[in-house]
Protein chains: 2
Amino acid sequence: MRAVAAATGEPSEARERVLDVAEALFAERGLARVTMREIADAAGMRQASLYHHAPGGKAQLYREVFERMIAHHRVGLERALAGAGSRLRPRLRAVADWYVGQAPMNFLRMMTSDMPALGDAEAAALAGPAYASLMQPITEVFRGAMAVGEARELDPDLLAGSLLAILDAVAFAEGRGYGEHDQRAMAHTMIDVLVYGLAVVDARPT
Amino acid sequence: MRAVAAATGEPSEARERVLDVAEALFAERGLARVTMREIADAAGMRQASLYHHAPGGKAQLYREVFERMIAHHRVGLERALAGAGSRLRPRLRAVADWYVGQAPMNFLRMMTSDMPALGDAEAAALAGPAYASLMQPITEVFRGAMAVGEARELDPDLLAGSLLAILDAVAFAEGRGYGEHDQRAMAHTMIDVLVYGLAVVDARPT
DNA sequence: GTCTATACACCGATAGAC
DNA sequence: GTCTATCGGTGTATAGAC
C-alpha cells in the first residue's frame, strides 16, 4: 500500500516551492499581511492552484511552514552548538551567529500576533514544538553554565527568552542601515554584558 | 475665533471613549487584527458612528492612538525616573516597574507589524516621536551611568533597545500564569544581570 | 496540476434620514 | 451624534473545465 499525504498535499517540486516562498513571506510580514495571491505569484502559479498543494488552506499552510522553520532552527542551533566548545560565551555567540545569519523570523511578533490569529487550539499545538526547538537548546546552554559555576543560578527560561528578544531587536536593526556584520557585533556586545553579568564573583556594585 | 479640530474630530466624552477602547484593542491585538466594528462595539456605538469622531478612518485613528500612547509613556517614564535617584540600577528598575505596570504595548510587534502596514511615509512620521518617547529616556539613563563610570562605554541605543525587548518578552509572559508581581521580579533579575555586566571592573571571566 | 470563474464573507468607508 | 443601509474592494475558498 502506498503512503498517503492527502491532508497536507502530495510531496512534489512545486509543493516545495510553495512552502519555500510561503515561509519567506510569512517570516517577513507575518500571517495577516500575506495573501494567498502573493504566495501564488511568488510560486509562479494562480491563487486557486495553491489549494492543490495546500488543501488545508492558509492557516494549515502557515502551520506547516512554521513547523518546518522551527525544525530548521533546531537543527541549525544544535549543529552550531556542537562546534562551540563548552564555555558560556562562545556557545552564546554560536547561537547568535546562527540566528543573525538566518532570515529574520521575528519570534516575538509571531508569538504575539500570528499565533493568536490561529485560535487557541492551533496556538497551543504549535507552542510545544516552538519551545523545544528555539528555547530549549538555549536554556540548556545556560543550565550547563550554571552547573559548572560559570553562571549564577537564575531562571534559564527567563535568560533564554531574554536572549531571543535581544536577537529579535538586533535583527530589527536590519534594513535600517545595519548589515549582518553589524548585527553580529551588536549581538556579541550584548552577550558579553550577559556573560559578565552572570559571572559568579565576590564584589558586586551596589 | 474658535479653535477647530475638524480633521481629527471634535473633542468630546464619546470621542475620548473611542480613543480609549481603540488604544486597548490596538495594543492587545495590533492594527491588522482589530476591526472598526469591534472598536465601535466596545465604545457602545455603531461602526458608521465612529467616523464622526474619527473622520480620518482607521489608519488615522491608529496614528492618533499611537501618539497618545507614547506621549503617555514619555510622561510616565520621566516621572518614574525623577524619583529614582541617580544610580543605574534603581533607575532601570523604575523604567521596568513603569513599563510592567502599563498595558502591554508589544513594542517590537508594533514596529515590525503595524508600522509597515501604514506605509513608509506614515511609519517614518511616527518613528521619530516613538524614539523620543520610549528609547531616548532610557538611552539617557545609560549615558548618565557611563558618564560617572558606573557603566562601560557601549552603544546606548543598543542597550535601550535590548532593555525594551527584554521588557516585551517579560510582558509576553503575562496571560501565561505570570502576574504583574512575577513580571516585576523577572525584569529586576534581568536588570541585575545588565547592571553587573555593565560594571567597570578589572577582572573579567574569559 | 493548472487554469478560469465565481461564490461567499468581511471590512472600511460613505450617504443620508432622524 | 447616532442611526440604517449600502457600496466597493479585498481575501479565502470552491467548482469544474482542460
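Here is how names work: the chains are called A, B, and so on, in the same order as the sequence lines, proteins then strands, and each is numbered from 1. Keep in mind that the numbers below use all heavy atoms, side chains included, and drop hydrogens, waters and symmetry copies.
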Report the distance from atom OH of A:Y51 to atom P of D:dA13, rounded to the nearest whole Å. 4 Å
Report the distance from atom OG1 of B:T112 to atom CE of A:M110, rounding to the nearest 0.5 Å. 11.5 Å
For A:Q102, the side chain to side chain donor-acceptor pair (under 3.5 Å) test, sequence neighbours excluded, returns A:H72
Do NZ/NE/NH1/NH2 and the carboxylate oxygens of B:E67 and B:R74 come within less than 4.0 Å? no
Under 4.0 Å from any heavy atom of chain A: name the first and the last nucleotide of DNA chain C that qualifies, 5' to 3'. C:dG1 to C:dA5
CZ of A:R33 versus C1' of D:dT10: gap in Å, rounded? 16 Å
Quick one: do A:D192 and A:R93 make a salt bridge, cutoff under 4.0 Å? yes
Residue whose closest nucleotide on DNA chain C lies nearer the 5' end, A:R37 versus A:G44: A:G44
Tell me whether the side-chain N/O atoms of B:R46 come closer than 4.0 Å to OP1 or OP2 in D:dT4. yes
For the student: nearest non-hydrogen atoms of B:S86 and B:E150, plus distance: O-OE1, 4.2 Å
Once you apply a heavy-atom cut-off of 4.0 Å, does B:V18 come out as touching a base, just sugar-phosphate, or nothing? nothing
Under 4.0 Å between any heavy atoms, over every strand shown, what does A:S49 touch: base, sugar-phosphate, or nothing? Just pick one. base
Using atom NE2 of A:H52 as one end and atom C1' of D:dT12 as the other, report the distance to the nearest whole Å. 19 Å
Can you see which heavy atom on A:E28 is nearest to which on A:N106, and at what distance? O-ND2, 4.4 Å
Rounded to whole Å, please give me the gap between CD in A:Q47 and P in D:dT12. 7 Å
